[in-house]
Amino acid sequence: MNRYDSTKSEAKWLKIWQKAELYKTPDKPNSKLYNLVMFPYPSGNLHLGHWYNFAPADTLARFSRMHGKDILEPFGFDSFGLPAENAAIKRGLMADEWIDQNIGDMTQQIQKLGAMYDWDKVLKTSDPKYYKWTQWIFLQLFNADKAYQQKGLVNWCPNDKTVLANEQVIKGECDRCGAKVERKNLEQWYFRITDYADRLLDDLNSLQWPKRIKEMQRNWIGRSEGALVNFAIDGHSDKLDVYTTRLDTLFGVTFMVIAPEHPLVDVITTSDHSVEVNKYITDAGAKTDIDRMEAHDKSGVFSGAYVVNPATHEQVPVWVSDYVLMGYGTGAIMAVPAHDERDYEFATKYGLEIRQVIGGGDTQDSAHLLTGELMNSGEFNSLTSEQAKTKITKWLKLQGLAQPRVQYRLRDWLISRQRYWGTPIPIIHCKDCGAVAVPEKDLPVILPLKQEFGKDGRSPLLDHPDFNNVACPKCGGDAHRETDTMDTFVDSSWYFLRYPNPHYTDGPFDPVAVKQWLPVDRYIGGAEHAVLHLLYSRFITKFLFDQGRLEFNEPFINLINQGMILGPDGNKMNKSKGNVINPDDYVGQYGADAVRLYLMFMGPYDEGGHWDPKRFEGTHRFINRVWELILGPYQSDNEDPIIEAELSARLHKTIKKVTEDTQSTRFNTAISALMKFVNYAGPLKLDARLSLAQWQITTTTLAKLLAPFTPFLAEEIWEQLGNSQSVHLQTWPQYDPSLIQDDLTTIVIQINGKLKAEFVINTQDAHSKPKLEAMAREQMGEKLSSLEIVKTIAVPGKLVNFVSR
RNA sequence: GGGCGGGUGGUGGAACUGGUAUACACGACGGACUUAAAAUCCGUUGCCUUUCGGCUUGCGGGUUCAAGUCCCGCCCCGCCCACCA
């Protein structure tokens, strides 16, 4: 017998499967299951991380298929975005050529995995047939007043030369290139995702998602309940509004702080302070966000203005400081140094009063942050913080000085980008009519493919007269197109709706096919999209639901997060560290099945791990051992029903374990159960005591159990066993509970909880405590008589514990 | 600072509702086969101890007949968020 030749076998089955259309999506699913992975960016080469996402996802799809599910398992490319544009600038190529080349290369690579992807359903977001509908969705938002243009402070990446959404700024740095993000005052396009904040928050409860992802979204949405309070500014008609969640500390307000960008700064600053204040504002404006964060020391200047504390009627000074953020709340705060760390630090530095109004702690060395009983608060003294919050809000409300308010950290989604390679925003700017939607019949607004980049990567769209100069759709007058393109996260916020029928031309998605397949039953991908793609997709789905276009308002019912796959040195794979593993090297030598199996065997799927080439050998050996076991020489001349029964019991236990573990994505233990069984069956087979019938049941069952984990190997074995129909069309084996019952049970004997001995008993007797105790006493014999036994505990089916003094 | 995970042999990791800790795999060591090596196969492998035996799930307490698992207090690591009022 030859050894298993993965290269030959995998190439052979890829051809046969394709020809037989084995993985074609059923047209009319009875019991549907939409099994989806997050589509990749076509960067040019497939990464081991992609495999770690795709391979186990495909195993789950195969597993479900064998359970009778009709599967939709599509694949595609998120093909707009900066790398293509940068490659085009650098190499003088066309962006779309670069993309198509990469898609070709990656498709070849990904096909080797042998996943059940239906290649008739491939889509790419940079295809005009696709982005036509991204534009169409934009227009629906625009018409519903959920897309709008506004001038304001935005995050600007000086390296990528574009604005970024808040979600794309990580610790003050550009998510993509790591450059320090600057603040600019620009007119940009936004989607009103904040209108959906409550629903995005509440509906998380209904989703079967990992806890940590839900928590991340909750934190990102950042709902808080408090009140808006109006402070009268001394000598002005304007009020200074602040947002607070601690109205119970109102009597402790000893100063106010407003952000340098606050519009009232100019109004209230007194002439004797204007020089200082202006200088401070200029300095703050020059700082990047990250500079501001790194300046541990708080700084600020007094504006010269005072407001009146409505509780104490005292005048409190207004300071200007950049520790107050313009983007959250009202851009101004009431400072309570006794009970807020930041205010405490500021007050200490500038010698401002610290007045304690909550008991149960002191404010000698630091702020007292806990809630408690009020003090120094007039008629509200001795109320608890909770009671006081309600009462003080009510009291101020009666005077027209406060309203309860819910505040979110989530901001509207900034979707315009000053880049070329993206979906054009379908808007025409007319000097008379303003921003006008491109009529639906004129979609798509085609992105010109012939590009000449200007100096410094200036977008070709800006210098493209044919694209730029158009007639206003409303008045016919001279107008120009919007030259910004959309954030690529808009492209990916709805792609899963198009997969069921990506060739549909009458709308973004085929309503019939969507009804058949959506929502996504199982979505598998990395945690890096927790507040990006996953939040945006939920928002777009809810919007389309509200528009009556969808019958569900959550796109992904069940989310599975894989962990991160690291290099052999335990670090994140990185070209500069030289620890990048190219899956092709291993696939070529050992086969796709071996790589797939190792990735799943390595450890818990949600924890990831590092690629260890040595350990990888183990799964490769296992594949060879399976081949040898099933197809190696077999003979039987001494059949033994007892041995056969034992084999049968082991087999059914293995079915149970593999089934349950795979269902709950514990692939590593499922595979270890398979290994254990193969280790057990190997020597047994050579014993020659198994009938051919029994052995055939074993081998066919094992081939089926292996099918989702090693699809090529299982198919090859299946054929060698004489079957003509694919193993992947077989039904998953069922275990027989009666066969799993053992006749004998091992009972452990403990003395004071420590293992001393064990004995074997008939299973039906193992549940009788007296019998267990008697057997244990007999077994221990004299050893017990020397001890003073004060208590005996018998646990049915488990153990007997003698407690001695 | 906040949130969420973790801490088990030389290594990756098993252990169901408290009930035989270290499954499975890697590595290491010994052996078989071979002129030799690779591959393969067999055996040993938590630690201490010559034996008897004792000890062991980050540390310290507690509950229990029995704790990796439950409770209290600490230490350490990873990820995410972070001047959010």
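Keep in mind the model is a prediction, meaning the values are calculated, not measured. In the text below, chain A, chain B and the rest are named by the order of the sequence lines, each starting its count at 1.
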If the plane angle is over 60° it's perpendicular, under 30° parallel, otherwise tilted; pick one for Tyr598(A) and Trp611(A).
perpendicular
Within residues 654-671 of chain A, those residues having any heavy atom closer than 4.0 Å to RNA chain B are Asn668(A), Thr669(A)
Q | Spacing of the P atoms in A66(B) and U20(B) (rounded, Å) | A | 15 Å
*May I ask you to decide if the ring planes of His533(A) and His529(A) are parallel, tilted or perpendicular, using 30° and 60° as cut-offs?*
perpendicular
Classified by glycosidic angle (syn within 90° of 0, else anti), G54(B) comes out anti
Quiz item: Hey, does Tyr408(A) reach any base, or is it just sugar-phosphate, or nothing, if we go heavy atoms under 4.0 Å?
Solution: nothing
Centre-to-centre under 6.0 Å for Phe489(A) and Trp413(A), is that the case here?
no
note: Lys389(A), atom NZ; A85(B), atom C1'; distance rounded to Å ~ 12 Å
Applying the 3.5 Å cut-off to both distances, the Watson-Crick or G-U partner of G78(B) turns out to be C4(B)
message = Are there over 12 heavy-atom neighbours, none belonging to Glu341(A), within less than 6.0 Å of that residue's CD?
response = no
Comparing nearest nucleotides in RNA chain B, the 5'-proximal residue of the pair Leu755(A), Ile793(A) is Leu755(A)
> When the P atoms of C24(B) and C71(B) are considered, how many whole Å apart are they?
Replying inline: 31 Å
If pairing means Watson-Crick or G-U wobble with both distances under 3.5 Å, then the partner of U64(B) is none
Would you indicate, yes or no, if A25(B) has its OP1 or OP2 atom less than 4.0 angstrom from a side-chain nitrogen or oxygen of Lys614(A)? no
Check: Between Asp569(A) and Asn579(A), is any side-chain donor less than 3.5 angstrom from a side-chain acceptor?
Finding: yes
query: Can you tell me how far P in C4(B) sits from the matching atom in C70(B), rounded to whole Å?
result: 16 Å
request  = Please check if atom NZ in Lys769(A) has more than 12 non-hydrogen atoms from other residues, nucleotides or ligands closer than 6.0 Å.
outcome  = no
Please check: side-chain N/O of Asn561(A) versus main-chain N/O of Gly525(A), any donor-acceptor pairing under 3.5 Å?
yes
key: Flag for Ser385(A)-Asp248(A): side-chain donor and acceptor within less than 3.5 Å   = yes
*asked:* Within the 4.0 Å heavy-atom criterion, would you say Val803(A) contacts the bases, only the backbone, or no part of the nucleic acid?
replied: sugar-phosphate
When rounded to whole Å, the CZ to P distance for the pair Arg183(A) and C83(B) reads 11 Å
Tyr328(A) has its side chain closest, among A85(B), G12(B), C81(B), to A85(B)
Answer with base, sugar-phosphate or nothing: what part of the nucleic acid does Glu341(A) contact at a heavy-atom distance below 4.0 Å? nothing
Glu758(A) CD to A21(B) P, in whole Å, measures 11 Å
When both distances are under 3.5 Å in a Watson-Crick or G-U wobble arrangement, the nucleotide paired with C47(B) is G54(B)
Closest to the side chain of Ser672(A), out of A23(B), U11(B), A85(B), is A23(B)
Same-atom distance (P) from C41(B) to A25(B), integer angstrom
11 Å
In whole angstroms, the gap separating P of G1(B) from CG of Asp340(A) amounts to 16 Å
Re G30(B): Watson-Crick or G-U wobble partner, both distances kept under 3.5 Å, found to be C42(B)
Nearest heavy-atom contact between Arg355(A) and Ala338(A) is O-CB, 3.2 Å
Next on the checklist: Does a side-chain N or O of Asn679(A) approach OP1 or OP2 of A25(B) to a distance below 4.0 Å, or not?
Outcome noted: yes
Each nucleotide of nucleotides 37-42 of chain B classed B (base within 4.0 Å of a protein heavy atom), S (only sugar-phosphate) or -, in 5' to 3' order, makes --SSS-
Criterion side chain to side chain donor-acceptor pair (under 3.5 Å) on Thr669(A) and Asp661(A), from CA distance to verdict: CA-CA 7 Å; Thr669(A) 49; Asp661(A) 286 357; 2.8 Å; yes
**Message:** Using 30° and 60° as the class boundaries, would you call the ring planes of Tyr323(A) and Phe346(A) parallel, tilted or perpendicular?
**Reply:** tilted
The Watson-Crick or G-U wobble partner of C83(B), with both key distances under 3.5 Å, is none
Here the distance between atom P of U22(B) and atom NZ of Lys676(A), to the nearest Å, is 11 Å
Heavy-atom nearest pair, Val181(A) first then Asn155(A), reads CG1-CB, 3.4 Å
Heavy-atom nearest nucleotide on RNA chain B taken for Thr746(A) and for Asn752(A); more 5' hit belongs to Thr746(A)
Taking the P atom of each, how far is U22(B) from G10(B), in whole Å? 16 Å
note: Asn166(A), atom CG; C81(B), atom P; distance rounded to Å ~ 13 Å
As its Watson-Crick or G-U partner within any shown strand, both distances under 3.5 Å, A25(B) has U11(B)
Looking only at A85(B), C24(B), U11(B), the nucleotide nearest the Arg615(A) side chain is U11(B)
Could you check whether Asn801(A) gets within reach of a base, just the sugar-phosphate, or nothing at all, counting any heavy atom under 4.0 Å?
base
Whole-Å distance, Arg405(A) CZ to A85(B) P, equals 12 Å
Check: G31(B) and A37(B): how far apart are their P atoms, nearest whole angstrom?
Finding: 12 Å
Out of G12(B), C65(B), G19(B), minimum distance to the side chain of Val795(A) belongs to G19(B)
Aromatic plane relationship, Tyr590(A) with Tyr586(A) - under 30° parallel, 30 to 60° tilted, over 60° perpendicular: parallel
Here the distance between atom P of C24(B) and atom CD1 of Ile623(A), to the nearest Å, is 19 Å
Note: contacts of residues 210-220 of chain A with RNA chain B (heavy atom, under 4.0 Å) are Lys211(A), Arg212(A), Glu215(A), Met216(A), Trp220(A)
inquiry  = Could you tell me how far A39(B) sits from U45(B) if I compare only their P atoms? Round to whole Å.
reply    = 23 Å
_G7(B) and U57(B), which share atom name C1', separated by this distance in whole Å_ = 9 Å
Original post:
Any salt bridge between Arg218(A) and Glu215(A), counting N to O under 4.0 Å?
Top reply: yes
Check your understanding: When the ring planes of Tyr605(A) and Phe667(A) are compared, do they come out parallel, tilted or perpendicular, using 30° and 60° as the limits?
Key -> perpendicular
